[in-house]
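What follows is a set of notes on a single structure, which appears directly below.
Along the sequence shown, residues are numbered consecutively beginning with 1.
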Amino acid sequence: MAKRDYYEVLGVPRGASADEIKKAYRSKAKQLHPDRNKDCKLSEAAFKEVNEAYDCLKDDQKKAAYDRFGHAAFENGGGGFGRGNGQGDFGSAFADVFEDLFGDMMGRRAGGGGRSRASRGQDLRYNLRVSLEEAFNGVQKTITVPGSVACGACNGTGAEGAVEPATCPTCSGMGKVRATQGFFTVERTCPTCNGQGQIVKNPCQECRGAGRVQKERTLSVNIPAGVETGTRIRLAGEGDAGMRGGPAGDLYIFIEVKEHPIFMRDGRMLACQVPVSMATAALGGEIEVPTIDGGRSRVKVPAGTQSGKQLRLRGKGMPPLRHGPGLNGEPGDMLIELAVETPVNLTARQKELLREFEAIHADNNPQTHGFFQKIKGFWDEMKG
């Protein structure tokens, strides 16, 4: 079957300009795209035909050969333009319609006959150290963040007098150009606009056309109760300003909770090691322990307490950062580890009393007795 005339396929006259050809192609490609015509079996063939026609007519060398020789210019590899199968450069042509169909989903917006490349600003990171008490209560912190902000002189446009940038004439606002050599089509960033799709004819003197300037900002940040090391807080739109009016990035604050001289933390749990005298551990009694809220709690020490024994104070730990399953918004507990303290710097009388106590042999040291029983059994096995 004879091929249709490429100009007829696109619906443009032979003297049509490059912009007219491009506009007609986009209209046809949108209309015939298979994703929009899933129930029509002929749409794919028609879509390929439109892409083949556009691939030829968008290229000045191919167009000139086609205007002179028609389809014969690409048969049998004639002129070195086609792929040898009459299909044309479907991939590069499809890229145009793909960008036109889905460009808005990728954060691009139409404008000025092309594509605006107002790019989003970078996200920023800020490391913030807080004390354990601040993590317990929550706190408001004032931080200074270095970064870029929209230029006030040009309102972020990058142009003197806040004039809107013009569409780049080299790439027609696409931000990229294509060069075809034989079988190959090479796509690269537009050298005129550096991929922005727009040019500033009279750059702003303050920002030199970038639309943003470097400046330190002071921000107030609310740190919620229950944060721990590794907690990340996102402040939307507080990152670097975008290029030429583009949206700002986000600011991410990473929390580090400083070590505490008294308390150790594990999630919602707090732990505290408290020394007790040998007499209190032996006879029992009460001790006073601090709590993270600044208060004090009295704890009973059972008689015969050994070093390492743990006591639990309900609800004296850290609050949960988020209410999750099983948490019910309740704070954690606090573990008290008792460390029996051996007395030092004894007086002569104290030493005498301890020797007298030691001389009265009784089963007062169950751990010692059990340990030596294990040693005796071990030696017996070695001998036998």
So E286 and K300, salt bridge (Lys or Arg N to Asp or Glu O under 4.0 Å) or not? Walk me through it. CA-CA 4 Å; E286 283 190 350; K300 289 185 177 181; 5.1 Å; no
Answer yes or no: is there a donor N or O on one side and an acceptor on the other, between the side chain of T231 and the main chain of E228, under 3.5 Å? yes
So do L235 and I253 actually touch side chain to side chain, heavy atoms under 4.5 Å? yes
Taking the side chain from N137 and the backbone from E133, do they hold a donor-acceptor pair closer than 3.5 Å? yes
Taking the six-membered ring where the residue is Trp, are the ring centres of Y126 and F254 under 6.0 Å apart? no
Just so I know, are the side chains of Q350 and T347 near enough to count as touching, which here means a heavy-atom distance under 4.5 Å? yes
After noting the C-alpha distance and the side-chain angles of I255 and I223, does the key distance pass the side chain to side chain contact (heavy atoms under 4.5 Å, CB included) rule? CA-CA 9 Å; I255 301 296; I223 308 300; 3.9 Å; yes
Check for a donor-acceptor pair, side chain of R314 on one end and backbone N or O of M334 on the other, with a separation under 3.5 Å. no
T218 side chain near I143 side chain, heavy-atom distance below 4.5 Å: no
Exercise: do R129 and N127 side chains pair donor with acceptor under 3.5 Å: no
One should read off an interatomic distance between D266 CG and M318 CE, to the nearest 0.5 angstrom, of 12.0 Å
Find out if a path of hydrophobic residues (ILVMFWY) with successive side-chain heavy-atom gaps under 4.5 Å connects V213 to L251. no
Kindly indicate whether the side chain of P320, heavy atoms from C-beta on, has any atom under 4.5 Å from the side chain of R268. yes
Please assess K309 against E337 for the test salt bridge (Lys or Arg N to Asp or Glu O under 4.0 Å), listing each intermediate value before the final yes or no. CA-CA 6 Å; K309 182 177 178 61; E337 182 177 314; over 6 Å; no
List the steps and the verdict of side chain to side chain contact (heavy atoms under 4.5 Å, CB included) for K176 and C190. CA-CA 4 Å; K176 55 190 176 183; C190 176; 5.7 Å; no
Might you confirm whether atom CD of E356 has over 12 heavy atoms from other residues, nucleotides or ligands at distances under 6.0 Å? no
For S17, does its backbone N or O pair with a side-chain atom of E20 as donor and acceptor, under 3.5 Å? yes
Tell me whether the count of non-hydrogen atoms from other residues, nucleotides or ligands lying under 6.0 Å of CZ in R298 goes above 12. yes
Would a distance-only check, ignoring hydrogens and angles, find a side-chain to backbone donor-acceptor pair under 3.5 Å from D250 to G237? yes
If you round to the nearest 0.5 Å, how far is CZ of R355 from CG of L353? 10.5 Å
Nearest 0.5 Å, please: how far is CD in E52 from CG in L10? 10.5 Å
Locate the shortest heavy-atom distance separating R217 from G239; write the atom from each residue and the value. NH2-O, 3.7 Å
Decide if atom CD of Q122 counts as having more than 12 heavy atoms of other residues, nucleotides or ligands within a radius under 6.0 Å. no
Check the surroundings of atom CG in N222: do more than 12 heavy atoms from other residues, nucleotides or ligands lie under 6.0 Å from it? yes
Which atom names give the shortest non-hydrogen contact between R14 and Y7, and what distance separates them? NH1-CE1, 3.3 Å
Side chains of T342 and V344, heavy atoms from C-beta outward: is any pair under 4.5 Å? no
Can you tell me if R265 uses its side chain to pair, donor with acceptor, with the backbone of E259 under 3.5 Å? no
Does a side-chain heavy-atom distance below 4.5 Å link V274 with C272? yes
Work out which heavy atom in C154 is nearest to a heavy atom in C207; give both atom names and the distance. SG-SG, 3.7 Å
With salt bridge (Lys or Arg N to Asp or Glu O under 4.0 Å) as the test, would you mind laying out the steps for K63 and D59 before giving the verdict? CA-CA 6 Å; K63 183 175 180 295; D59 184 278; over 6 Å; no
Compare every heavy atom of V50 with every heavy atom of A29, then report the nearest pair and how far apart it is. N-CG1, 4.3 Å
Quick one: does any side-chain atom of T280 pair with a main-chain N or O of G285 as donor and acceptor, under 3.5 Å? no
Classify the side-chain pair D5/Y66 by whether it contains a donor and acceptor separated by less than 3.5 Å. yes
Determine yes or no for a side-chain-to-main-chain donor-acceptor pair under 3.5 angstrom, with E160 supplying the side chain and Q205 the backbone. yes
Can any side-chain N or O of D240 pair as donor or acceptor with the backbone N or O of G249 at less than 3.5 Å? no
Quick check: do K141 and E134 have side-chain heavy atoms less than 4.5 Å from each other? yes
Can you list the steps and then say if K62 with D55 is a side chain to side chain contact (heavy atoms under 4.5 Å, CB included)? CA-CA 9 Å; K62 288 183 181 182; D55 182 63; 3.0 Å; yes
Please determine whether residues L338 and M269 belong to a single hydrophobic cluster, defined as Ile, Leu, Val, Met, Phe, Trp and Tyr linked transitively by side-chain heavy-atom distances below 4.5 Å. no
Looking at OG of S27 and NZ of K22, how far apart are the two atoms once the value is rounded to the nearest 0.5 Å? 14.5 Å
Between SG of C204 and CZ of R212, what distance do you get to the nearest 0.5 Å? 14.0 Å
Tell me if a side-chain donor or acceptor on N155 pairs with a main-chain N or O of C151 at a distance below 3.5 Å. no
Report the residue from P290, P331, S297 that forms a side chain to side chain contact (heavy atoms under 4.5 Å, CB included) with K316. S297
Closest heavy-atom contact between V340 and S277? CG1-O, 4.5 Å
On a heavy-atom basis, the closest approach of A225 and L321 is O-CD1, 3.6 Å
In this structure, would L311 and L335 fall into the same cluster of hydrophobic residues linked by side-chain contacts under 4.5 Å? no
Determine whether V149 and Y252 fall in the same hydrophobic cluster, where Ile, Leu, Val, Met, Phe, Trp and Tyr are linked whenever their side-chain heavy atoms lie under 4.5 Å apart. no
Shared hydrophobic cluster, I262 / L313 (ILVMFWY, side-chain heavy atoms < 4.5 Å): yes
Approximate separation, where rounding is to 0.5 Å, of K30 NZ and R26 CZ: 8.0 Å
For D293, does the CG atom sit with more than 12 other heavy atoms under 6.0 Å from it, leaving out its own atoms? yes
Does a side-chain heavy-atom distance below 4.5 Å link N51 with F47? yes
Neighbour count above 12 (heavy atom, 6.0 Å) for R208 CZ: no
Between Y25 and Y54, what is the ring plane arrangement, given parallel below 30°, perpendicular above 60°, and tilted in between? parallel
